[in-house]
Amino acid sequence: MTLAAGIGYVLLALGPSLTLFVTVISTKPFLILTLLSSTLVWLISLIVLSGVWRVFLPLKTTAWWPYAILILTSIAFQEGLRLVLWRGYKKLEDMLDAFADRVAKPRLYLTDKMQIALAGGLGHGLAHAVFFCLSLLTPSFGPATFYVDKCSYAPFFLISAIISLAFVTIHTFSMVIAFNGYAEGNKTDQMVVPFFHLMAGTLTLVNLVSGGCIVGIPLLYVVALSTLAYCGNMVWRRFTETQIRLTPQNQS
Amino acid sequence: MDGSILESIGVEIIGVMSPVSICMLLVVLIVYSLTSFSSSSGEPIRTAANLVYLETPTDSTSEKIEGSLLNALVFVILIAAVTFLLVLLYYYNFTNFLKNYMRFSAFFVLGVMGGSIFISIIRQFSIPIDAITCLILLFNFTVVGVLSIFAEGIPIPILLRQVYMVLLGIIVAAWFTNLPEWTTWTLLVALALYDLVAVLAPGGPLKILVELASSRDDELPALVYEARPTVSRNPRGSGFGLLVGGVSSESVEVEMTRHNPSDSRNGGDSDETMEETSPLVPSLRDRMRSSSSGSSEFSSIDRIHQTGTDIIEDEEVDLSPLGAILGMGGDESRRGREIIDEEETSRGIKLGLGDFVFYSVLVGRAAMYDLMTVYACYLAIISGLGCTLILLSVFRQALPALPISIALGIMFYFLTRLLMEPFVVGTSTNLMMF
């Protein structure tokens, strides 16, 4: 029974990303490599962050501000990392294009670029889910469950799986938004990503209040869904734009 | 979207990475489900890997370090000796002896070690099965395994061969995880260093062996995972499709020449082979690493003890030019040239079984601590493997696959355990994430 519950938690947190992985990523080896390397980058960022914070942990106080600082620094660091990733991706794109020319194949399509961004984002999201949710799930396969005092409405594992799902969504699609924003030089797209990330991070601070997760988690899902909607909207816009641009060329 | 290059790049790398991942995953599962078994087995087993020093939990840290260092040293010396013996035998053309020996070791590993793992699995999950059925199944499993690993003249699907290679790796690695903790770490480090020396140093045994094999145009007398069919599975237009043709024809010819290695250069057929392979030979990045031996040394019988030694002994990575192209960091100008080479001949990437084993040992050892360290180590090892493959494309020469991966793996293990765990557990038990 607990085994079933544990598998259920895993699927709850990772189900959508698993679907994405099987349908989009796994058919193209290069995307798998992108995903793995982006997962590694996220892991390294987490290790660096925890190395910095190791001195101050575990926090003895019940005050909320140390946690706020922790989350703010982490988000700032990761958003900085996204810029570095973008630089790397730019170089990679040039290399891929050069290689495509060499083997007389078409250059990267717009969808290819978006898929690379998606794979990168999914890597971040997966790493997040793996380290913040899955790695704590081991005890849930055992004969008991665990409740947190501050949110005693559901088992801790269930709550962390639900939160992870929101974060996987945010990480995955904000990478698509960000890369597209950088490519187009679109300031709104560039700014909206840190904004979403920051919103989501600060919303988890609500969980520190006793019973706060009742409010915090739905709000978190609002952020996640709006990221998704924004991303969908943006991709749709790009596609219609390119089609309009392509159609006259085809006719002439 | 059909012609997109995303689909053709990295096929080979994934072809190597996915079996390694499967191997690690299964070892982790075995370790998880059998932890009660290994702890209940009571007294520590004396093996080649801990000949000198038996670790007990009560020993002080310095004693443990000293003892495990000695263990690792003895183990590496043993491996080096056996490898030299192997090279010597190969040099004097005892190929048949080597092959039969390898068959016997494969039989032994699959039958005895695999059998004992199966029994413990059966016991753990209380699977209802009678002894006779179990024995017959095990015997069939073993015989098919031995035949498929060294199939000469029998057309055995390469998929089966790959499956058995991975199984061998899993079985040996699962045994290795029974070693005490400190010994495991020092052993891994020592093997990585040994690997580095044996493959790259001018007189290194594996280097000699690889050079010998490529000069004889023979296959290495070793247990090696070949990633060939992954290429043929994806025969999209492009150079890769052509390459597939080259690969398969060459492999057939190699097989043919292998039957009479001494005359191989006389027949017309084999002349062709020589010509065909010639562009490849200089770039043959075969590499052999012998590493593990002790694997099966868990048995106390001396004879078995020696046989076990060679089982995994030979590991080799032979990176075809294809791998080189795929390496993204590779030199651009070289890429174009390589494609042309490739259309003539190429082999798939080969990865020694020992790499499988020791990657999995590392991950299995990490699994005894926590899932978090497992993920970190997995990522580190896979990225190390990726780095090695990219380096292969740059250096175009046989390279050891252990050092980078093991170094990264151990580093990430301790970083995760010491730094990351308190951080992640601290934040996420407060339901805070970012």
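Since the model is a prediction, treat every value here as computed from it, not as a measurement.
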> About how many Å separate OH of B:Tyr378 and CG of A:Leu43, when rounded to the nearest 0.5 Å?
Replying inline: 13.0 Å
> CD1 of B:Ile13 to CD1 of A:Ile32: how many Å apart, nearest 0.5 Å?
Replying inline: 11.0 Å
>> Using heavy-atom distances under 4.5 Å, tell me whether B:Leu379 contacts chain A through its side chain, its backbone, both, or neither.
In response: both
> Most heavy-atom pairs under 4.5 angstrom with chain B, which of A:Ala127, A:Ala100, A:Gly216, A:Ala166?
Replying inline: A:Ala100
> For the atom pair CE (B:Met372) and CZ (A:Phe132), what is the distance rounded to the nearest 0.5 Å?
Replying inline: 8.5 Å
>> Which one wins on heavy-atom pair count under 4.5 Å against chain B: A:Cys133, A:Ala200, A:Ser74, A:Gly201?
In response: A:Ser74
> Taking A:Leu36, A:Leu46, A:Ile71 one by one, which has the highest count of heavy-atom pairs under 4.5 Å against chain B?
Replying inline: A:Leu46
> Is the CZ atom of A:Phe195 crowded by more than 12 outside heavy atoms at less than 6.0 Å?
Replying inline: no
>> Between A:Ile116 and chain B, with a heavy-atom cut-off of 4.5 Å, which part of the residue counts as in contact: side chain, backbone, both or neither?
In response: side chain
>> To check you understand the geometry: which heavy-atom pair defines the closest contact between A:Phe131 and B:Val424, and what is its length?
In response: O-CG1, 3.2 Å
>> Quick check on the interface: out of A:Leu134, A:Ile75, A:Leu31, A:Leu205, who has the most heavy-atom pairs with chain B under 4.5 Å?
In response: A:Leu134
> A:Phe167 versus chain B, heavy atoms under 4.5 Å apart: side chain, backbone, both or neither?
Replying inline: side chain
> Atom CD1 in A:Ile47, atom CG in B:Leu419: separation rounded to 0.5 Å?
Replying inline: 7.5 Å
